[in-house]
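For reference, the structure discussed in these notes is given below.
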Amino acid sequence: MTAWNQEKQNEQKRVDSVIHKLSDAVAALQSHLSGKREDVVQIRKNFWSDVTVNLENADDAIETAASIKQQSELLSEIERSHTSAETRLKTYKKLKDSPYFGRIDFREDGEENTEQVYIGIASYYDEATSSFLVHDWRAPISSLYYDHSLGKADFRAPGGTITGDLQLKRQFIIKGEEIKGMFDTGEAIGDELLQQVLGNQANTQMKSIVATIQKEQNAIIRNTSSDLLVVQGAAGCGKTSAALQRVAYLLYRDRETLQSHHIVLFSPNNMFNSYVANVLPELGEENMEQTTFQAYINHHLAQDFSVETPFEQMEDLLSGSGEPSRIDGIKFKASVDFLEAIHSYVDNLSTSGMQFLDIRFRDRVVIRAKQISEFFYSLDQRETIPYRMKKTSAWVLEELKKIERRERKKPWVEKEIQILDKNVYTKLYEKLQERNQYGADSFNDLQNEQKVLSAYVTRIAFKSIREKVEQSAFLDMKSLYSKLFQKNNKRIADLDTWNDICNQTLFNLKQNHLSNEDATPFLYVKELLIGFQSNAAVRHVFIDEAQDFSLFQFAFIQRIFPRANLTVLGDLNQSIYAHASDESFSMLRKLLGKKKPETITLSRSYRSTKEIVEFTKSLLKDGSTIIPFNRSGEKPAVVSVEGNNAHVDQVEKLIGQWLKEGHETVAIICRSAKESKKVYESLKNRMDVRLMIDEDAAFQKGVIIIPSYLAKGIEFDAVAIFDASGYQNERERKLFYTVCTRAMHELTVFYSGKPCPFIEGASENLYENVQ
């Protein structure tokens, strides 16, 4: 037996020993939980029989309260213990299958003994030996595994920096309690382990990468000094995975003060949310709050407007129906110039120009807009507009109270009383009894009855008006936003298409429609006037696909989460929306004014084979900084087809071949949803295929047809670009690059007619040209 085989045998013995101890721990916890569950049921069942209830005098009442409190605390403590045991049981069950993935041997300076540290997704402490058999990957000492080669090394511990000598670094692939692979390496994470992991098939849910975290990714995960961390990363560099591990690390590091609901993730769409939903639970952590910016916009505006989504905007532009003024308008309405114009405009409203709506009740005006305006401008102009708006709301509510009291004597009230439900009479009578307002019999007195019922009817009638006033709905936001685009307003944009932009914006507002480019600025103006609804409890905000966010959206997020540190992840080469700018990340740092910003660039792409990365980076004007991981595969194929029938036939044949080869996630990526539907209609009777044009759809295995903009952020085993001929406009270069980078193992690009200019600019030795 070779020395290496003997070493592997020894390591397997240790795996067996650890798993045996874990099995015992699982059995003990299951027994413990069974008993705890019975205790909880018994205490709940006998709660009041075990409590001394006596309220005859003050001392007895105090004793009763103490008895109830003691019994409640006992129940809470047992339930907390039960929850903690359940969490450990889930962790130990996961560790049983694969207890760890790494080992380091480290001798601290000044110590004689070398410490062996085994690293897994969670810690396991053995009470019998008073030692950690497995260290959590987030523990301070575990950073040695990710950050250092053999030799002198150090890590930051709570008590200061620990220095020493890293003498061994070993990586394991353990499945089903058996070591399937074992490698020693002098580097941070060896290529052997990465080759095995990256060579696997894509999954419908993103997996944890803790076994293969690279040094540059670890710098993202463990960064605790920056209040703004910007990660610019190439497609497939692992920035999203690193961000999710960062969430897990922060929850571990600050577990006494930080909980999952203190963290918010803004993702590109709901499909992406389902794709990443399993990463944190896999690591034993609860998921943070996940949302999209569009969901936030819809929550605040969808009741009053039809709001265009980013995907609807994209579809409009890809269909060719968007006018040149639309592109100019999108870019301007996401610019610093427009942001500054809005702030200047709102500042001027402090002295004049606020627009209010008449408050109407039963088809008549009860408080005129002019009255509201006069009251607003009677307030001290040194106060902020939101403060004055709150004072104005309070004044309007007081006026409504007076009006409501006057309405009680109107004929319509008597009519409403006559048709009141009998249950209302009963409830009002019961309330009067409770309050002893008139005495038990006085409700039958005609005058008192009329008074109570009239008050009830008018209160209900005015309820919706009061609620709208409390929401500042008497502010005429359509008029206020429209003023930015009125012809008599001075020109705020130096654009030849400015008049067209103004006309289209005003037309949309009249139709109660907000284009995607107007939605955030509109809401931003509103919140500047009434006050942002901030959430100071959120400590960390993560923004994925951040290159698709406008400066308005960033400014908005900072306002609603004023205390949060930001982790911003994106790739400027995947900026697919019309408002995108290559300077967005540098402008972001200036806009947010954070004190400790930091930028980390990830250049190495791990998702795709070397051949696919070399091809896709050639599609960019400057993709030279992107470094492929050395995992070989087939060159991408570029296939010319003639006629729609031949096109569909060849796609069907290729997909069938990929499925036979074992690829489980296959995507036919079309340029638009319109094209996706056509392709689906052509293929649905030939093969098992799903159409995904809804962002709320869950990502599943099999063959899917999906538009370009929805595929972003997801990866597939094999990708067929249905018709690259559609990508002709220079502004779609990055969109084409993005869809090609979705492929892990196979990429085929079909085209009919006019070739894609971006491919023509690539070296022919980077792909197979099939005519």
So, are [X] and [Y] salt-bridged, with charged N and O less than 4.0 Å apart?
X	Y	value
R326	E517	yes
R466	E398	no
R222	D147	no
E404	R459	no
E285	R138	yes
E715	R742	no

Verify, without hydrogens or angle tests, whether [X] (side chain) and [Y] (backbone) share a donor-acceptor contact under 3.5 angstrom.
X	Y	result
H513	S306	yes
T741	T738	yes
Y709	E312	no

Side chains of [X] and [Y]: do they bring a donor and an acceptor to under 3.5 Å?
X	Y	result
S515	D518	yes
N218	Q214	no
N223	E598	yes

(Q) So for atom NZ, which belongs to K478, do other residues, nucleotides or ligands contribute more than 12 heavy atoms lying within a distance under 6.0 Å? (A) yes
Q: Can you establish whether the number of heavy atoms outside N348 located under 6.0 Å from its atom CG is more than 12?
A: yes
Where is the tightest heavy-atom contact between [X] and [Y], given as atom of each residue plus distance?
X	Y	answer
T309	N516	C-ND2, 3.7 Å
Y481	P521	OH-CB, 3.6 Å
L357	L475	CD1-O, 4.2 Å

Name the residue from [options] that meets the side-chain contact (heavy atoms from CB on, under 4.5 Å) definition with [X].
X	options	answer
F585	V231, L572, T599	L572
L514	N508, I297, L509	L509
F266	V568, D544, V541	V541

Q. Which pairs pass salt bridge (charged side-chain N to carboxylate O under 4.0 Å, His left out) with one or both residues in residues 369-387, sequence neighbours excluded?
A. D380-R382
Q: With the side chain counted from C-beta on, respond yes when I693 and F311 share a heavy-atom pair under 4.5 Å apart, and no when they do not.
A: no
Q.
Classify the ring geometry of H579 against Y577: parallel below 30°, tilted from 30° to 60°, perpendicular beyond 60°.
A. parallel
Q: May I ask you to decide if the ring planes of H343 and Y524 are parallel, tilted or perpendicular, using 30° and 60° as cut-offs?
A: perpendicular
Q: Find the distance between CD1 (I367) and CZ (F474) and round it off to the nearest 0.5 Å.
A: 9.0 Å
Q) Taking the six-membered ring of F376, is NZ or CZ of R388 closer than 6.0 Å to its centre and within 45° of its axis? A) yes
Q.
Does the structure place the NZ or CZ of K510 under 6.0 Å from the centre of the six-membered ring of F305, at an angle of no more than 45° from the ring's axis?
A. no
Q. Does the ring centre of W137 sit less than 6.0 Å away from the ring centre of Y145?
A. no
